Amino acid sequence: MAEPSDPTEAIRALQKDLGAIEPELRKKLRPALKAAAEPIVADAKQRASWSARIPRAITLSIRFAKRDPGVSMRVRRAIAPHGRPLEGIRGNATFRHPVHGHRDRWVNQDTKPYLAPAAEAGMDGALAATVAAVDETAREHGFR
């Protein structure tokens, strides 16, 4: 299998070769993908250690859906509703919020990105581990 440029493309290439990924194949591939992404999740949690709630709210999601396969991190809003604005998810360097809920007093606050820097720092290792896992799983199921 040729080396794709990102993990999502590696999973898409495997799906294209296999058609729908069989449940048995998913069982073998999911732990390998999780192991490849865990260092990035740990780094993101470390980068958000200034918050009491954000590290607990960071989760890992592995999907094999045809439309959107891949591994992603997310911050559960129920645990850390402030996670998205602090990440700067909209690309802004600051965000506005009311002071202690008083709608008559608003302040600008700087973002403190933690997910994107962790993903960028760990992308090469995750890509190599993902491609290796996909190749190994494909070989186990008769592909060369």
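The structure presented is a predicted model; accordingly, all values stated were derived computationally and were not measured.
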After noting the C-alpha distance and the side-chain angles of Arg74 and Ile58, does the key distance pass the side chain to side chain contact (heavy atoms under 4.5 Å, CB included) rule?
CA-CA 6 Å; Arg74 72 182 194 107; Ile58 297 174; over 6 Å; no
Out of the candidates Ile40, Ile62, Val41, only one should pair with Val71 under the side-chain contact (heavy atoms from CB on, under 4.5 Å) rule; please name it.
Ile62
Determine the sole option in Gln46, Arg47, Lys45 for which the side-chain contact (heavy atoms from CB on, under 4.5 Å) test with Ser49 is passed.
Gln46
Close side-chain approach of Ile54 to Tyr114, heavy-atom, < 4.5 Å:
yes
Would you indicate whether the side-chain heavy atoms of Arg84 and Val75 approach each other to under 4.5 Å?
no
Short side-chain to backbone donor-acceptor contact, Thr111 and Pro113, under 3.5 Å:
no
Atom CZ of Arg105: over 12 foreign heavy atoms under 6.0 Å
no
Any donor and acceptor pair, going by atom type alone, linking the side chain of Gln109 with main-chain N or O of Thr94 inside 3.5 Å?
no
Are the side chains of Thr59 and Met73 in contact, using a 4.5 Å heavy-atom criterion?
no
Hits for ring-ring contact (aromatic ring centres under 6.0 Å, His included) against His82, two or more places apart or cross-chain, chain-then-number order -> none
Tell me the closest heavy-atom pair linking Pro55 and Ser51, and the distance in Å.
CD-O, 3.3 Å
About how many Å separate CG of Leu29 and CD of Glu136, when rounded to the nearest 0.5 Å?
10.0 Å
Atom pair CG/NE2 of Asn108 and His97 - distance to nearest 0.5 Å:
8.5 Å
Within the distance-only criterion (no hydrogens, no angle test), does the side chain of Glu87 pair as donor or acceptor with the backbone N or O of Ala116 below 3.5 angstrom?
yes
Test item: Arg76 side-chain N/O and Arg56 main-chain N/O as donor-acceptor pair under 3.5 Å:
yes
Under 4.5 Å between any side-chain heavy atoms of Val107 and Phe95, yes or no?
no
